[in-house]
A.B. asks: 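Could you have a look at this structure, given as structure tokens, before my questions?
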Number of protein chains: 4
Amino acid sequence: MGAVKPPSERMQRKRGKRIQEILTAAAELFGERGYDAVSLEHVAERLDVTKGSLYYYFSSKDELGTAAIETLGDEWTARLEELLDRTEGTPEVRLRALIHEHVTIAVNDYPAALRLFLMPREWPSAQRERIKELRRRHDALFRALIEEGLASGEFTVTSVDTVLQCMHAAMSQAPTWCGELPSAARGKAVDEVADTLMALVHIGR
Amino acid sequence: MGAVKPPSERMQRKRGKRIQEILTAAAELFGERGYDAVSLEHVAERLDVTKGSLYYYFSSKDELGTAAIETLGDEWTARLEELLDRTEGTPEVRLRALIHEHVTIAVNDYPAALRLFLMPREWPSAQRERIKELRRRHDALFRALIEEGLASGEFTVTSVDTVLQCMHAAMSQAPTWCGELPSAARGKAVDEVADTLMALVHIGR
Amino acid sequence: MGAVKPPSERMQRKRGKRIQEILTAAAELFGERGYDAVSLEHVAERLDVTKGSLYYYFSSKDELGTAAIETLGDEWTARLEELLDRTEGTPEVRLRALIHEHVTIAVNDYPAALRLFLMPREWPSAQRERIKELRRRHDALFRALIEEGLASGEFTVTSVDTVLQCMHAAMSQAPTWCGELPSAARGKAVDEVADTLMALVHIGR
Amino acid sequence: MGAVKPPSERMQRKRGKRIQEILTAAAELFGERGYDAVSLEHVAERLDVTKGSLYYYFSSKDELGTAAIETLGDEWTARLEELLDRTEGTPEVRLRALIHEHVTIAVNDYPAALRLFLMPREWPSAQRERIKELRRRHDALFRALIEEGLASGEFTVTSVDTVLQCMHAAMSQAPTWCGELPSAARGKAVDEVADTLMALVHIGR
DNA sequence: GATGAATGAGATTTCATTCAT
DNA sequence: AATGAATGAAATCTCATTCAT
């Protein structure tokens, strides 16, 4: 009835904020229990909202899922970039810091990660591509550092791709064992993971 | 008079065989698509029976699931043990062979093992313990070799536990990337994974 | 900001009303055929909705069942109380009227009440207690009248409890025989039951 | 293959005995939990036999059910007849003894009764008629005594049928409350029931 | 006579999705 | 923007019944 008034900018912002809230809650839940095991009811409940409301923002569970991952990935990548910005030194030093930070984030904030990142198969095919893209952006940070180290002769690897995959797998998996340790022991565990994974770029000697 | 005749041994064997058939089918499916994504209908279909029949052997999906994992784990471990039996050489040689075989099995036969093995969290607590036990048996093979290599001075590590976790994570994750390669390239990819992971026991130099 | 708005009172009422509709339908069915013989499909059909909808209001068949019985019991008790409100006279007169009304309700409206009320054993323990409580409230009406009559010397009994049990049993059982009579004969049959049962409070003389 | 040899008499007896065992177990179970709630699995389990075996003796659950009731009813009636055979005295004395015995049997042996006897509605219509017939035979014992007492002027009733119904209802219901008493108190409770029910044949005075 | 195995129909339950308000 | 209500498809589970051995 009458002209549909275009959403004011303020409204847009508000909407954006609500969406972020939803995505955060969703990412947490998917991360805790896996995509299949989380119902929209669960998501809604955590937000103190009804199932139906979610459809105002997302047109399907799949879409919500993908968006949740994307958010999570963006945030994660942003934090890693920030770290690199404030860390100086050789590729060795910086790569180790990056690994350490990645694991820390995984353990503290996204026990999620494994289920979300590492299992594109679990996702409907429409979503898979976007998840891979996300992964590429994320990997780029590590890849750049490794190549820098290779160029300078500090690092040796069999194959950059393989190293990246192994590194990523181990880092994302970390929460499932570090997460169970008493928090006192966690710091040390994370350090050990970082030290251990650095070996991957010092192959064959 | 009234003596209840216990099932004959032959019957017992037959039953056991049927159960193994079911478990194999289930393990394959769970391994391919993950627990949640597989319905009893799927399992039944692969066996050419009706859903209901499965309940003659297992009293719930959970029970079937746990048993299937156990089977899968047993089989896997058995294949690794076999490999070790027929492989001679230094710990270095044998560990590399073990990794190679593990990844090969993962890629060829159990692409979704990741979801089953690495995520005890998503299982009802009754099952969790049994899965962890399975994991321990599996890890034992790697652990023994690593310790042997450490004793002989061939290997250096930061922490055996950490190495095991990282190795396991990377190996189980392998199917998600190697699996997508054209089969021609797969062999090389698996080799590279093995070479790369061997670095984990040659830390710090 | 983020204030969760509680469901409006009007909505609450509406929901309550819907629940009552469901409970009434369920109580009727359970009362007619017994708990086991009624499927949620039946209940849904009578309400012209789908099975699934019922789960929006009740989280299981058991829960619906218990609530339905409670409703049935409340209604029944209420009708008896109403009757007492409008009936004057000696305990003798009023007790007879009460019995008569009870049997009438049983025969006309809840032919299967027997199965619901008299057999707490078949209910899960959670429900049993609530059913017993219901029964107590119901019995209280009869008990009060009987004790009044005893006090005034009009009645004689061996044991109030025993009389109550026998009375209740016979009244609830009535539908299984009165219900089969042609409706013309029913009135007389109910009268006879009432007269007969009054003998229970005139023991020994 | 060859002539089917007619079952020897010995076999017949053996068969009969087996059938009785089954019927007893079935009657107990139906009595404890109700017809619907008992599965053939339950019955078979109690007999240490497999479900399938029951079909050798009975062609359906319904048939087993009806036969079970019939057995139970026959046995019950026989025990009551026995009692009457050895009890002398006025109708008053004998009727009271009969009631007492009936309740005793109900409480001790067939908490069953209520669900089996009093609820023809719960049974498929084919069975209903046979159950009613059974009930008639059973009632006949009481009816004869009551009529004797009426003839001699000892008893007064409104309607023999009604008295029988009420009596039967209360007697069969007895286990649900007497059964819960500590066994010490049970004897007294049964006595009270008998005394109370005797009032039904001394109406109006 | 009895068993193990299988079936198929139906019951309970879950959940993504839609929609009127 | 959000809610309460409802739907329908699919999943898990139960059970009377059949049958080859």
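Given the structure is predicted, the values throughout are model-derived calculations rather than measurements. Atoms considered below: every heavy atom in the structure, side chains included; atoms not considered: hydrogens, waters and symmetry mates. Just so we're on the same page: letters track the sequence lines, and every chain starts at 1.
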A.B. asks: Find the partner of dC15(E): check Watson-Crick (N1-N3 plus N6-O4 or O6-N4) and G-U wobble (N1-O2, O6-N3) distances, both under 3.5 Å, and reply none if neither fits.
C.D. replies: dG8(F)
A.B. asks: If each of Lys61(B) and Leu54(C) is mapped to the nucleotide of DNA chain F with the nearest heavy atom, which maps nearer the 5' terminus, i.e. the 5' end?
C.D. replies: Leu54(C)
A.B. asks: Please determine whether a side-chain nitrogen or oxygen atom of Arg15(C) lies at a distance below 4.0 Å from atom OP1 or OP2 of dA5(F).
C.D. replies: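 Answer is yes, contact under 4.0 Å.
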A.B. asks: Could you give the CD-to-P distance, from Glu41(D) to dA6(E), as a whole number of Å?
C.D. replies: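 Atom-to-atom, Glu41(D) to dA6(E), this comes out as 15 Å.
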A.B. asks: Kindly point out which of dA16(F), dT12(F), dT14(E) is positioned nearest to the side chain of Tyr55(D)?
C.D. replies: dA16(F)
A.B. asks: Roughly, in whole Å, what's the span from CZ in Phe58(A) to P in dA1(F)?
C.D. replies: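 It is 13 Å, rounded to the nearest whole Å.
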A.B. asks: How many Å lie between CG on Asp62(A) and C1' on dT17(E), as a whole number?
C.D. replies: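 My rounded result for the distance is 13 Å.
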A.B. asks: Round to the nearest Å and state the distance from Arg10(B) atom CZ to dG4(E) atom C1'.
C.D. replies: 11 Å
A.B. asks: Can you tell which of dC13(F), dT13(E), dA16(F) lies closest to the side chain of Ser60(B)?
C.D. replies: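 Closest nucleotide among those given: dC13(F).
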A.B. asks: Roughly how far, to the nearest 0.5 Å, is the CZ atom of Phe58(D) from the OG1 atom of Thr66(D)?
C.D. replies: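 Between atom OG1 of Thr66(D) and atom CZ of Phe58(D) there are 10.0 Å.
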A.B. asks: Base, sugar-phosphate or nothing for Tyr57(C)? Non-hydrogen atoms, less than 4.0 Å.
C.D. replies: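 Sugar-phosphate: the residue Tyr57(C), judged by heavy atoms under 4.0 Å, touches backbone atoms but no base.
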A.B. asks: Counting only Watson-Crick or G-U wobble pairs whose two distances fall under 3.5 Å, which nucleotide matches dA20(F)?
C.D. replies: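 For dA20(F), the partner nucleotide comes out as dT3(E), under the 3.5 Å rule.
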A.B. asks: Round to a whole Å and report the spacing from CG of Leu40(D) to P of dT3(E).
C.D. replies: 14 Å
A.B. asks: Whole angstrom is fine here: how far is it from CG in Asp36(C) over to C1' in dA16(F)?
C.D. replies: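 Computing the Asp36(C):CG to dA16(F):C1' distance gives 15 Å.
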A.B. asks: Is there a donor-acceptor contact under 3.5 Å from the side chain of Lys61(D) to the main chain of Val38(D)?
C.D. replies: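 Present.
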A.B. asks: What is the separation between atom NZ on Lys17(C) and atom C1' on dA5(F), rounded to the nearest whole Å?
C.D. replies: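 One finds 15 Å between C1' of dA5(F) and NZ of Lys17(C), rounded.
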A.B. asks: How close or far is atom P of dG4(F) from atom CD of Gln12(C), stated in whole angstroms?
C.D. replies: 9 Å
A.B. asks: Would you say Ser53(B) reaches dT7(E)'s phosphate, i.e. side-chain N/O to OP1/OP2 under 4.0 Å?
C.D. replies: yes
A.B. asks: One pair to check against side-chain contact (heavy atoms from CB on, under 4.5 Å): Leu72(C) and Leu23(C). What are the steps and the verdict?
C.D. replies: CA-CA 8 Å; Leu72(C) 187 155; Leu23(C) 288 177; over 6 Å; no
A.B. asks: Which part of the nucleic acid does Val43(C) contact within heavy-atom distance under 4.0 Å: base, sugar-phosphate only, or nothing?
C.D. replies: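 The residue Val43(C) makes no contact with any strand.
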A.B. asks: It should be established whether Tyr56(B) places a side-chain nitrogen or oxygen under 4.0 Å from OP1 or OP2 of nucleotide dA5(E).
C.D. replies: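 For dA5(E), OP1 or OP2 has a side-chain N or O of Tyr56(B) closer than 4.0 Å.
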A.B. asks: Does Arg18(B) place a side-chain N or O at less than 4.0 Å from the phosphate oxygens OP1/OP2 of dA6(E)?
C.D. replies: yes
A.B. asks: For the backbone of Arg15(A) and the side chain of Tyr57(A), can you confirm whether one donor and one acceptor N or O come within less than 3.5 Å of each other?
C.D. replies: no
A.B. asks: With nearest nucleotides of DNA chain E determined for Lys51(C) and Ile22(B) from heavy-atom distances, which residue corresponds to the more 5′ nucleotide?
C.D. replies: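 First, find each residue's nearest nucleotide; the 5'-ward one identifies Ile22(B).
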A.B. asks: What I'd like to find out is whether the side chain of Leu47(D) reaches to under 4.5 Å of the side chain of Leu54(D), using heavy atoms alone.
C.D. replies: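 Yes - at least one pair of side-chain heavy atoms lies under 4.5 Å apart.
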